[in-house]
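Working notes, beginning with the structure itself.
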Amino acid sequence: MPAFAVQDADFEASVRRSFDSLTLMRTVGARLQNVAPGEVEIDLPFRDDLTQHHGYVAAAVLTAIVDVACGYAAMTLMPPGASVLTIEYKVNFLSPAQGERMVARGRVVRPGRTVSVCSGDVVAITGDNEKIVATMLSTMATVGRTREDVPDRRRDTTSARGRAAGSHDRKGSTRNRWCICGALRRQFTALA
């Protein structure tokens, strides 16, 4: 695992506080285990009410815990006050999910200022044996940062590049009706 630069000295407390607020994770009984720069581990004890018709842990439950593990892995590398939003993922289910517990391990593959790429695995654990049951590749967006935290070339109105890059979504400027940049930025800011 590569060493990543941490921007928030209090990242672990921020991740744990945010995880504790997730109703879905409480509902399924998931517990946040390990939090380290670029890595998060979530434990889920087996429960009959989380299974599908063959008695295996449901794909939706596996996806939820590995998505959250990846998201919080990305959040460990974000600046103070920032949060995370999943913008894409792909999951492969490799084996039926049966065991005493499921453990989702999320890790950052490539951190970014606004978008990070993560991967994660879910393993089924019975005794000392681990078996991989699902793997995920995900893309996470950084949300909730203030404008002062983000260097923005669009503020540079003195150069042609500054005027072209974003002038379409600023008040008092010519707007391209097809562009949703401003709407997405306002939505991500409102979610934080």
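Throughout, numbering of the chain's residues begins at 1 and tracks the sequence.
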*Show your reasoning for whether side chain to side chain contact (heavy atoms under 4.5 Å, CB included) applies to M136 and D67.*
CA-CA 8 Å; M136 172 183 274; D67 174 44; 4.0 Å; yes
*Min side-chain heavy-atom separation L94-N92 under 4.5 Å*: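 Side-chain contact under 4.5 Å: yes.
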Could you give the distance from [atom1] ([X]) to [atom2] ([Y]), rounded to the nearest 0.5 Å?
X    : Y    : atom1 : atom2 : answer
M25  : D20  : CE    : CG    : 12.5 Å
K90  : T139 : NZ    : OG1   : 13.0 Å
M140 : M75  : CE    : CE    : 12.5 Å
L62  : L44  : CG    : CG    : 8.0 Å
F19  : S14  : CZ    : OG    : 15.0 Å
I65  : M102 : CD1   : CE    : 7.5 Å

*Within 6.0 Å of CZ in R110, more than 12 heavy atoms from elsewhere*: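 At most 12 heavy atoms, drawn from other residues, nucleotides or ligands, come within 6.0 Å of this atom.
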*Do any N or O atoms from the side chain of Q98 and from the backbone of V57 form a donor-acceptor pair under 3.5 angstrom?*
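Answer holds: no.
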So, for [X] and [Y], which heavy atoms are closest and what is the spacing to 0.1 Å?
X    : Y   : answer
L24  : A64 : CD2-CB, 4.0 Å
Y72  : S18 : OH-OG, 2.6 Å
A141 : I87 : CB-CG2, 3.8 Å
V6   : A9  : CG1-N, 4.5 Å

*State whether E130 and R105 are salt-bridged, where the test is any N-O pair (Lys NZ or Arg NE/NH1/NH2 against Asp/Glu carboxylate O) under 4.0 Å.*
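Salt bridge between E130 and R105, a charged N being under 4.0 Å from a carboxylate O: yes.
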_Basic-acidic side-chain contact under 4.0 Å: R107, D121_ =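 So R107 pairs with D121 through a salt bridge.
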*For V133 and Y56, what are the C-alpha separation, side-chain angles and deciding distance, and is it a side chain to side chain contact (heavy atoms under 4.5 Å, CB included)?*
CA-CA 11 Å; V133 296; Y56 307 125; over 6 Å; no
